[in-house]
Amino acid sequence: MNENLTADERYRRLRACTLYLLDMDGTLYLGDEVFDGAVDFIRTLEATGRSYIYLTNNSSRAGEDYITRLRRLGFPCERENVFTSGMATGLWMREHAAGKPVFVVGTRAFQRELASYGVNLLTASLDDKSLPDRVDTVCVGFDTELVYRDLQLAVHYLRKGARFIAANPDWVCPMPGGEVLPDCGSICALLTASTGVKPVYIGKPDRNMVDLISEERKIPNGKICCVGDRLYTDIAVAQNAGAVSVCVLSGESDQAMIDAAERKPDYVLRDVKELAGILRP
Ligand SMILES: [Mg+2]
């Protein structure tokens, strides 16, 4: 970035954004520890007439679960402020698989989310006689309730020519103490190994989620700012969608990773507290 620019010039694109898409873990909090100034940052967005959506690739929980969690941590949050890869997948299905049978591998929360978008879903809980021989689509999420029958049926349907759609490409989900859980991308890798069929992913870094929000809110992508700590999801989704990107150094990325990155974020800030200072008049 040109160091000779005044702060006014440097932050013009950032300040012009009217909708902020916010990553949560590593950006607003880590586990149950809320970062200093994070709630105040949300209040600053509200006070300056900007809107915001908490955006997550995690498809194991429903939007409702995030509302409960964010409120418990002290963040303002209404239904309209949350968008998950599961919700994006529901919207995608409503448009591309309306009325068609969809075999779903995902948590009960994910299934409920898809059902709320009118998806005609079938699951491994049905007995063999109630299941058709073919379906239109196999749809996979981050399934923390996975059983072998899910995999067996998904393989059957993919080999019979079903389309393969998945909520989010993450290989693992980070857990406290440096542990990880196998995430949606790893479950899909197993299915690909068994069938040769590769999924189309809906979540970050695919531009789908930003495009869906842009369409719904009638805000062009160039006026949307993605804030997050992961270069290959939070920042990449902004770059793929032509939105503005802010990488905060409060989570996964450090300056060395940004220096090494081929595509740089538009802005690199210490944390959302610094971002709030920039957005305040
Ligand atoms: Mg994060």
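As the structure is a computational prediction, the values presented were derived from the model and not from experiment. In listed order, ligands and their atoms are each counted from 1. Residue indices begin at 1 and follow the sequence shown.
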Minimum-distance atom from the Mg ion (ligand 1) among N, O or S atoms of Asp23: OD2
Donor-acceptor pair, side chain of Asp271 and main chain of Lys273, under 3.5 angstrom: yes
Shortest-distance N, O or S atom of Asp229 relative to the Mg ion (ligand 1): OD1
N, O or S from Asp25 under 2.8 Å to the Mg ion (ligand 1): yes
Short side-chain to backbone donor-acceptor contact, Arg280 and Thr44, under 3.5 Å: no
Main-chain N/O of Gly90 paired with Glu113 side-chain donor or acceptor, under 3.5 Å: no
Distance flag, aromatic centroids of Tyr157 and Phe103, threshold under 6.0 Å: yes
Glu252 near the Mg ion (ligand 1) via N/O/S, less than 2.8 Å: no
